[in-house]
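Here is the structure we will look at.
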Amino acid sequence: MEAAAIQHTKKKTHFRWVVGALIFIVYTVAAADRANLGVALPFLRKEFVMSNTEAGALASIFLFAYSLAQLPSGLAYTRFGIPRVFSLAMLATSVFTGLIGTASSLLALKVFRFGLGLAEGPLPIGITSTINNWFPAREKGTMTGIFLAAAKFGPVLVPPVCAVIMYYWGWRHIFYFFAVPGVILSVVWLMVVKNRPSESPHVSAEELEHINDSQGAAAGQGADPAVTRDFALLDRIIRRSKVATIETTKGVFYSWNIMGAALGYFFMTAIVNVLLAWIPTYLISVKGYSIANMGMVAAAPWVGAVIGNLLGGAMTDRWLEKRRKPAMMISAFFTTIMMVILINSPADPLLYGALLLLTGILLNIGYSTYMVYPMGMTSKKVYPMACAMVNTLGQLGGACAPLAAGFLLDSYSWNHVWIFMAVCSILCFITILTIREPVQG
């Protein structure tokens with residue numbers, strides 16, 4: 001069957017990058033569907049009276065549902081394949097996005113937001129599993145960086161687009177407008193993306209050989225084989241060594257490397273989701289910005305995040321030759337510094353936007369590597385479950401953190417929120433030190 005599929009295309013192809021482009025577009029839309037609540041939140045609070053803690057809970061309920069969906073999603077992809085499960089999840093994401101705009105009570109908002117989390121939960125596992133199947137080892141970090149850049153590019157688009165929609169039509173229409181693209185993309189994904197490239201008539205034999213090259217045989221294409229970098233000191237610091245490939249689901253739960261990466265992702269996702277949920281409110285209520293200035297500045301950390309994810313993916317694939325831990329450590333270390341700096345941040349929108357831009361870059365250099373890291377120590381069959389485990393703990397961190405931030409705001413001040421995020425970053429750094437960097441073939 002594989003040979004028959006390949007024979008449809010005789011010429012050299014690069015169809016994996018068509019799949020990569022679709023991944024970027026799909027997840028930009030999905031990320032926008034989850035991020036638009038943060039922009040609408042100040043206006044929702046006028047219609048549905050709620051404390052900071054209640055507002056944080058509204059932001060967190062999505063991520064609690066999202067994390068609950070991870071492990072069942074991994075099992076569903078293993079049993080039913082990627083195209084059908086993913087397309088159904090994307091369609092459900094759009095439906096619940098639109099329903100949020102119809103909410104007539106705080107309870108309805110919570111129910112629809114919870115439904116959105118369950119619907120969107122399968123998407124990242126489907127995407128990372130697609131990357132694992134469709135890209136060779138030396139391109140997986142880059143492609144995962146592109147995928148997670150999409151997760152941050154959605155929030156780049158959201159503040160200015162939402163500002164325009166709210167100006168002309170009000171907050172409910174944000175969710176109506178954002179629901180439409182996902183319906184279309186769910187159909188496109190089902191038609192274009194196969195479980196494996198060998199099943200696609202658009203992939204040539206030459207491209208399939210390139211994808212299946214686990215050794216990175218094209219090393220001579222991207223780098224001079226005569227030039228060797230000395231990573232001896234770095235490898236000692238990151239504890240690089242041979243790690244047995246995990247072949248069973250049970251093995252995922254017994255691997256501290258996987259669980260440690262998941263715990264590190266817990267802390268980093270906590271920081272990301274506090275920024276996502278609370279920055280627009282902070283800019284309006286504390287900084288006193290207009291809606292226009294809020295829209296501009298609130299997008300800044302996510303512009304930085306796009307840059308950081310792309311830089312991190314390229315850095316780990318090419319400069320560090322598939323070493324993932326260094327990027328994780330860089331992000332955790334420098335994010336701690338940025339959280340302390342933000343306690344005494346400038347009032348000027350341009351300066352503050354530049355500071356948030358830098359924060360986004362540093363925070364996200366290592367963010368994409370958490371999804372790539374398990375690829376180096378699991379079989380392709382088991383990877384969806386390893387990814388689900390990492391994402392489950394990650395999203396639990398993201399779920400708890402906005403709620404914790406709301407509690408801190410009700411009880412203390414914004415300074416305590418920045419300190420809370422700095423502590424999360426320190427704990428992430430300590431956790432990442434304990435896991436090993438696997439030697440990849």
Side-chain angles (χ1 to χ4, degrees), residues 27-28 30-39 41 56 59-60 62-64 66-67 70 117 120-121 123-124 144-145 147-156 158-159 261-282 298-313 327-328 330-339 342 355-371 390-406 417-418 420-429 431-432:
Y27 213 69
T28 294
D33 286 343
R34 75 160 76 176
N36 50 26
L37 182 75
V39 179
L41 191 57
S60 293
F62 165 88
L63 288 163
F64 279 120
Y66 190 90
S67 62
Q70 297 305 299
E120 194 172 317
L123 298 186
T144 305
F147 152 51
L148 288 175
K152 306 306 185 297
F153 188 61
V156 170
V158 162
L263 186 57
Y265 199 47
F266 174 97
F267 293 121
M268 294 309 282
T269 306
I271 298 169
V272 168
N273 281 283
V274 169
L275 295 176
L276 191 64
W278 284 106
I279 280 292
T281 298
Y282 175 75
W302 313 116
V303 174
V306 171
I307 297 169
N309 277 306
L310 295 175
L311 179 62
M328 298 179 187
I330 289 169
S331 276
F333 180 81
F334 284 103
T335 299
T336 304
I337 295 173
M338 295 310 298
M339 292 302 108
L342 284 167
L355 190 61
L356 288 177
L357 176 74
L358 180 60
T359 300
I361 293 173
L362 295 172
L363 174 59
N364 286 276
I365 282 176
Y367 199 74
S368 63
T369 56
Y370 288 94
M371 293 295 189
V390 172
N391 216 26
T392 295
L393 278 186
Q395 301 312 321
L396 280 174
C400 295
L403 181 59
V417 174
W418 299 118
F420 165 70
M421 289 190 282
V423 170
C424 286
S425 193
I426 292 169
L427 292 173
C428 175
F429 185 82
T431 302
I432 295 305

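Here the structure is a predicted model, which is why all the values come from computation and not from measurement.
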Taken in chain and number order and not counting sequence neighbours, the residues that satisfy side chain to side chain donor-acceptor pair (under 3.5 Å) with S425 are T336
So which atom in [X] and which in [Y] form the shortest heavy-atom distance, rounded to 0.1 Å?
X: I271; Y: M421; value: CD1-O, 3.5 Å
X: T369; Y: A327; value: CG2-CB, 3.9 Å
X: C424; Y: F267; value: O-CB, 3.3 Å
X: A31; Y: G154; value: CB-CA, 4.2 Å
X: A149; Y: V306; value: O-CG2, 3.4 Å
X: P280; Y: A298; value: CG-CB, 4.4 Å

Going from [atom1] on [X] to [atom2] on [Y], what distance comes out if it is rounded to the nearest 0.5 angstrom?
X: T28; Y: D33; atom1: OG1; atom2: CG; answer: 11.0 Å
X: L356; Y: L342; atom1: CG; atom2: CG; answer: 6.0 Å
X: F153; Y: N309; atom1: CZ; atom2: CG; answer: 13.0 Å
X: T335; Y: I330; atom1: OG1; atom2: CD1; answer: 11.0 Å

Are [X] and [Y] close enough that some pair of their side-chain heavy atoms sits under 4.5 Å apart?
X: M268; Y: V272; value: no
X: W418; Y: M338; value: no
X: M339; Y: T359; value: yes
X: L396; Y: F266; value: yes
X: L275; Y: W302; value: yes
X: T144; Y: Y370; value: no
X: M328; Y: Y265; value: no

Q: Go through the steps for Q70 and L393 under the test side-chain contact (heavy atoms from CB on, under 4.5 Å), then give the verdict.
A: CA-CA 9 Å; Q70 297 305 299; L393 278 186; over 6 Å; no
*For S67 and F64, indicate whether the former's side chain and the latter's backbone hold a donor-acceptor pair under 3.5 Å.*
yes
* Asked: Is a donor on one side and an acceptor on the other found under 3.5 Å between the side chain of S331 and the backbone of L362?
  -> yes
When L363, N364, I365 are each screened for side chain to side chain contact (heavy atoms under 4.5 Å, CB included) with Y367, the one that passes is N364
Sorted by chain and number, sequence neighbours left out, ring-ring contact (aromatic ring centres under 6.0 Å, His included) with F429 holds for none
By ring-ring contact (aromatic ring centres under 6.0 Å, His included), F62 pairs with (sequence neighbours left out) Y66
